Each structure stands twice: as structure tokens, then as C-alpha cells.
Amino acid sequence: MDLSLVIPLYNEAESLPELKAWIEASLKDFSYEIIFVDDGSTDGSWEVIQQMAAPNVKGIRFRRNYGKSAALYVGFEAAQGDIVVTMDADLQDSPEEIPEMVRMIKEEGYDLVSGWKQHRKDNALTKNLPSKLYNWTARKVTGIKLHDMNCGLKAYKADVIKNIEVYGEMHRYIPYLAKNAGFDKIGEKPVHHQKRKYGKSKFGMDRFVHGMLDLMSLHFLSRFGARPMHFFGSSGILMFLIGFVMTVCIVVNKLYHQANGLKFRAVTDQPLFYLALLAVVLGVMLFLAGFVGEMIARSSTERNNYQIKEKL
Ligand code: UDP
Ligand code: MG
């Protein structure tokens, strides 16, 4: 089979029949399967999927709403095609873009091709502007030159999605997960974007806060996840040293003044003393955090999970 289309959906009943017809019209030259993942819809989406079921139209239904990442995860597990395409179910992503994305993977050797909603048809103030800022930050942090990291329309070599694990709300950063797994040929294709026809958006403004926190977690994990002591230990030692030097200064200063019969303040009378105390305590705490982190990393089942590309 050439393609697997993984389509996560939450309360998109009205859109589904049109979406299926549109996909069929756009992918005439391919053998493909459509995997609808119903993320706990309550509006009859599942009944619509049941009616559309066919040998190449499959459905997976969650018992409750888990989120888009969870839906993508089970969709990826079920996918059997050589190339896996994800798209939103709300008719905002156009399946007509898929053949070109597939060509880029097959002929230009991309591991992953992400859509770029160049002319985005969403609210300018609440979505488009924050999204630009978010993508700029994501580009800086991840080093992946994508304009639209979180575009729902993406195509992957099957290898990519079988070797990464989307969890939490990490669907926003699949290209980053892919890059961390060693798939670094990441391309981009400008895609048409439509206004939402039915229903309403499932994500509010909190997406940006969550998105930024997730980006920080991923960045930290990819750099120090397997060696937390390198981060916490070094900052802990630095802190401790700062505190130690301050303490020595305070003590020497006092002893010197005392010995020479000069006026001196009690150690606890000066601000530097409290700063020194704080630095020493923080240093020890950071060091301990690193140590605990090391023990967790050591017992993690992921600790020796390497991506082997080829063997002879
Ligand atoms: N979605 C989902 N589970 C959720 C929220 C959203 O499967 O908990 C699906 C949703 O049905 C749609 C896609 O994820 O197919 C993108 O959601 P939406 O269109 O609301 O996002 P937006 O286009 O506003 O960024
Ligand atoms: Mg949408």
C-alpha cells in the first residue's frame, strides 16, 4: 500500500463525508487507507465513520477524549502504508496537496514533509499572530527551519512514525521528535488552507502556553535527558563555589578587622552572609536534583534505546 492517511477527529461529524469524497477525488492514482481516529466524539462522528467503513476506510474509537497526540499515536501504530500522511478532519487541510508531498518524499528523499499554511484562514489576532511568534521561537530552539511546525497536514516515511513516540501534547513538535530520532531531512510545502466550514476550533489560547512549556521540556530532554547531572551538577557546583567564595570573604574580612583592632560588623549583620547561605543551599539542592535525575535516567527503559539505521 502506498499511503496511510491518519485523521484525528473530535466532534467533526458534518465534515467527514465531504472529507472522504475530497480525499477520494484527490488520490485516484494511489492505493491508500484512511484511518479515522475518533478521539471520544460525542456528536455522532463515530456513526458517520461506521457508515463510511470499507476495506480501505478504517476507524478507531477512543472511549473518551484523550487529545490529538493520543489519536495520532494509535493512528501511527495502525498505519500500514509506505508513506503516512496526517491531516485534520475539519476540511481546513486540502488533500489535493498530498500527491506533491508524497513526490517530495519519494523523489527528493525527504523523511518528512510538513505543510505550511502560508495564507492562513484563521482569526488574525488570536491565532495567526501568536502562531508566527511561536514558530519563530520553535525555529530558534529546534534548529528546524519550518514556518509552520504545527501544521496538521504532514507526510512521513513510515520509518519515521514507527520510530518516534508522540505523547502528551507533543503533536506540535513531531518534526523535532523526528529530528531527535535522527531523521533530519525535513522539508516544507506551502499548502492551501480553508476557513473552518463546520464546528469550531478545539484549541484555545492556552495552546501557546502549553506549546512553549512543551518546547522547553523537549529541548531540555533532548540535551540533558540522558545525563541530567551534567546540567544540574555543573550549575550546582557553580552555585556552591559562589557561596563558598562569599563565605571565605566574609570570614577573612571579619578576622582581619578583628586582628587589627578595626571596627567590624557581626557576620549575621551583613547582606552578603544571607546571599552566601542561599547560594550554598541552592548549590547543594541543584546537585541533589542532578543526582536523583541520574538515578531515574539509569533505571529508565529508554536508556539504551538507540536508532539503528542499517546493519551489515
Ligand atoms: N482534535 C482531536 N482531539 C482533540 C482536539 C482536536 O482529535 O482533543 C482534532 C480535530 O478534530 C481536528 C484536528 O485535531 O481534526 C485539529 O483541530 P482544530 O481544527 O480544532 O485545530 P485548529 O485548526 O483550530 O488549529
Ligand atoms: Mg482546524
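This one's a predicted model, so the numbers in the text were calculated from it and none came from an experiment. FYI, side chains are in, hydrogens and waters are out, and symmetry mates aren't considered; it's all heavy atoms of this structure. Atoms within a ligand are numbered from 1 in the order they appear, just like the ligands themselves.
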Original post:
Under 3.5 Å, is there a donor-acceptor pair between the R207 and H210 side chains?
Top reply: no
Subject >> Shell of protein N/O/S atoms around the Mg ion (ligand 2), taken as anything under 2.8 Å >> reply: D90 OD2, Q92 OE1
**OP:** Establish, from distance only, whether the side-chain atoms of Y176 and H219 form a donor-acceptor pair under 3.5 Å.
**Re:** yes
**OP:** Kindly assign one of parallel, tilted or perpendicular to the pair H147 and W116, based on the angle between their ring planes and the thresholds 30° and 60°.
**Re:** parallel
Subject >> Shortest non-hydrogen contact between P17 and E14, atoms and distance >> reply: CD-O, 3.6 Å
Original post:
If you take all heavy atoms of E96 and W22, which pair is closest and at what distance?
Top reply: OE2-NE1, 2.7 Å
Original post:
Aromatic ring centroids of F291 and F232 under 6.0 Å?
Top reply: no
Could you list each N/O atom of ligand 1 together with any protein N/O atom closer than 3.5 Å, one pair per line with the distance?
from     : atom 1 : to   : atom 2 : distance (Å)
ligand 1 : 3 (N)  : D39  : OD2    : 2.6
ligand 1 : 7 (O)  : L9   : N      : 3.3
ligand 1 : 8 (O)  : D39  : OD2    : 3.2
ligand 1 : 8 (O)  : N65  : ND2    : 3.2
ligand 1 : 11 (O) : Y10  : N      : 2.8
ligand 1 : 11 (O) : E12  : OE2    : 2.6
ligand 1 : 15 (O) : P8   : O      : 2.9
ligand 1 : 15 (O) : A89  : N      : 2.9
ligand 1 : 19 (O) : D90  : OD2    : 2.5
ligand 1 : 19 (O) : R196 : NH2    : 2.9
ligand 1 : 20 (O) : R196 : NH2    : 3.3
ligand 1 : 20 (O) : K202 : N      : 2.6
ligand 1 : 23 (O) : Q92  : OE1    : 3.0
ligand 1 : 24 (O) : K127 : NZ     : 2.4
ligand 1 : 24 (O) : S201 : OG     : 2.6
ligand 1 : 25 (O) : R207 : NH2    : 2.8

Original post:
Under 30°, 30 to 60°, or over 60°: which ring-plane class applies to F62 and Y66, parallel, tilted or perpendicular?
Top reply: perpendicular
Subject >> Donor + acceptor pair across side chains of S45, E12 (<3.5 Å) >> reply: no
Original post:
Could you give the distance from CG (L133) to CH2 (W136), rounded to the nearest 0.5 Å?
Top reply: 8.0 Å
